[in-house]
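Step one of this worksheet: look at the structure below.
Note that the structure is a prediction, hence the values are computed from the model and not measured.
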Amino acid sequence: MALNNTYDARLVQQETAVGAGVQILLLALLGSAIGMGPAGWLTGLVFAVATWALLSLALHRSGLRSFGPANRVTLGRATLVGGVTALVADSFQSSPPVTLFVGLTAVALILDGVDGKVARRTGTSTALGARFDMEVDAFLILVLSVYVSMSVGPWVLLIGAMRYGFVAAARVWPWLNAALPPSTARKTVAALQGVFLLMAASGLFPYLATFAVTGTALAALVWSFGRDILWLYRNRPSRVRRAPVAEVRELVAS
């Protein structure tokens with residue numbers, strides 16, 4: 001049995017290594033297609049290594065014996081997010097091709113609704129999978145907000161930073177770690193963030209329309225977070241048991 005567990009553990013770790021390899025291959029394809037500069041290459045490689053290291057550590061701690069089909073979908077989405085991240089880093093020197101940027105981002109957003117369905121249909125839902133999905137979603141929103149902020153204004157960064165600010169605040173006020181009740185409105189607002197930011201990033205709309213779309217995204221997110229924080233405050237117990245961050249907010253419908 002010990003040998004089987006060791007084999008399974010190695011097999012799971014091999015999948016994360018394959019994911020890092022695919023990420024590097026995508027960077028190579030992007031580099032050859034658009035002549036990506038050092039900033040894009042370095043950022044993409046850092047993303048690949050960081051994703052591999054953090055995911056490997058999380059898998060080791062969770063003791064999962066199988067990576068699972070849903071996590072494979074999320075890993076594929078993370079690879080696309082790494083490509084988008086590299087393009088955004090490279091955009092500080094030269095703007096990426098709109099079609100390529102929009103295409104990678106759109107596929108990543110579409111796949112966001114796939115991994116959760118795969119997990120439910122295959123009975124492979126795990127806490128690690130939910131956390132992995134959420135972190136990929138949050139990072140993509142952060143990267144998109146950085147890109148859009150260069151044309152619309154630095155205030156757009158609030159969209160990408162809000163979730164991370166919430167997590168930081170939860171370390172100071174533990175009652176923010178309590179589990180929230182399910183909410184369709186929360187899921188809808190979260191899902192629309194990526195769509196609105198992609199619309200703004202596409203450059204297909206005049207400035208006023210882009211400003212309005214981005215402002216709407218931020219206003220909806222502030223409302224969603226504000227409503228949840230108010231609920232948590234009103235229902236805070238005298239002594240709060242810390243819960244996993246993955247249970248605190250579900251940023252994207254899964």
Side-chain angles (χ1 to χ4, degrees), residues 18-48 50-52 69-118 132-152 156-157 159-160 188 190-207 209-214 216-217 251-254:
V18 169
V22 174
Q23 178 73 82
I24 294 173
L25 176 60
L26 176 60
L27 293 176
L29 292 174
L30 292 176
S32 63
I34 66 172
M36 194 163 57
W41 270 104
L42 180 60
T43 303
L45 290 173
V46 169
F47 180 92
T51 300
W52 168 77
N71 284 335
R72 293 188 187 102
V73 175
T74 308
L75 183 59
R77 190 155 55 86
T79 300
L80 296 176
V81 172
V84 174
T85 302
L87 291 177
V88 171
D90 195 61
S91 69
F92 285 92
Q93 296 179 336
S94 59
S95 298
V98 174
T99 303
L100 180 61
F101 181 82
V102 171
L104 285 178
T105 306
V107 174
L109 291 173
I110 292 171
L111 287 177
D112 180 36
V114 174
D115 46 12
K117 292 181 180 178
V118 171
F132 185 26
D133 175 62
M134 184 177 66
E135 295 300 340
V136 173
D137 295 340
F139 193 79
L140 176 58
I141 297 303
L142 175 62
V143 170
L144 289 176
S145 68
V146 170
Y147 184 76
V148 175
S149 71
M150 290 187 283
S151 58
V152 179
V156 182
L157 294 172
I159 296 177
T188 302
L192 288 176
Q193 296 303 306
V195 176
F196 285 170
L197 286 174
L198 180 57
M199 292 172 59
S202 68
L204 299 176
F205 304 96
Y207 177 79
T210 301
F211 186 93
V213 166
T214 312
T216 300
L251 288 185
V252 178
S254 57

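For Y147, the ring-ring contact (aromatic ring centres under 6.0 Å, His included) test picks out F101, with sequence neighbours left out.
Using a 4.5 Å cut-off on side-chain heavy atoms (C-beta onward), V156 and V146 make no contact. Proximity of T51 to V136: side-chain heavy atoms (C-beta onward) are nowhere separated by under 4.5 Å. Between S94 and D90, some side-chain heavy-atom pair lies under the 4.5 Å cut-off. With a 4.5 Å cut-off on side-chain heavy atoms, W52 and L75 do not count as touching.
In this structure, L197 CG and S202 OG are separated by 11.0 Å, a value rounded to the nearest 0.5 Å. With values rounded to the nearest 0.5 angstrom, I141 atom CD1 is found 11.5 Å from F196 atom CZ. Rounded to the nearest 0.5 Å, atoms CD1 (I24) and CG (L29) are 12.0 Å apart. For the atom pair T105 OG1 and L80 CG, the distance stands at 9.0 Å (nearest 0.5 Å). Distance check, rounded to the nearest 0.5 Å: OG1 of T216 to CG of L192 gives 10.5 Å. In this structure, the separation between CG on L87 and OG on S95 is 11.0 Å, given to the nearest 0.5 Å.
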Please list every donor-acceptor pair under 3.5 Å in which a side-chain atom of residues 35-46 meets a protein atom from a residue at least two apart or in another chain.
unit_1: T43; atom_1: OG1; unit_2: A39; atom_2: O; d: 2.8

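Residues A209 and F205 approach most closely at CB-CB, 4.0 Å, considering heavy atoms. The minimum heavy-atom distance between Q23 and G82, with the atom names listed, is OE1-CA, 3.4 Å. In terms of heavy atoms, S91 sits closest to M150 at OG-CE, 3.2 Å. Between V152 and Y207, the shortest heavy-atom contact is O-OH, 3.5 Å. Closest approach of L140 to A108, counting heavy atoms only: CD2-CB, 4.2 Å. L157 and S145 get closest at one heavy-atom pair: CD2-O, 3.9 Å.
The side-chain hydrogen bond (donor to acceptor under 3.5 Å, both in side chains) pairs that include a residue from residues 75-84 are R77-D115, R77-D133, R77-D137, where partners are two or more places apart or lie in different chains.
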(request) Decide yes or no on side chain to side chain contact (heavy atoms under 4.5 Å, CB included) for L30 and L26, but give the supporting numbers first. (result) CA-CA 6 Å; L30 292 176; L26 176 60; 4.2 Å; yes
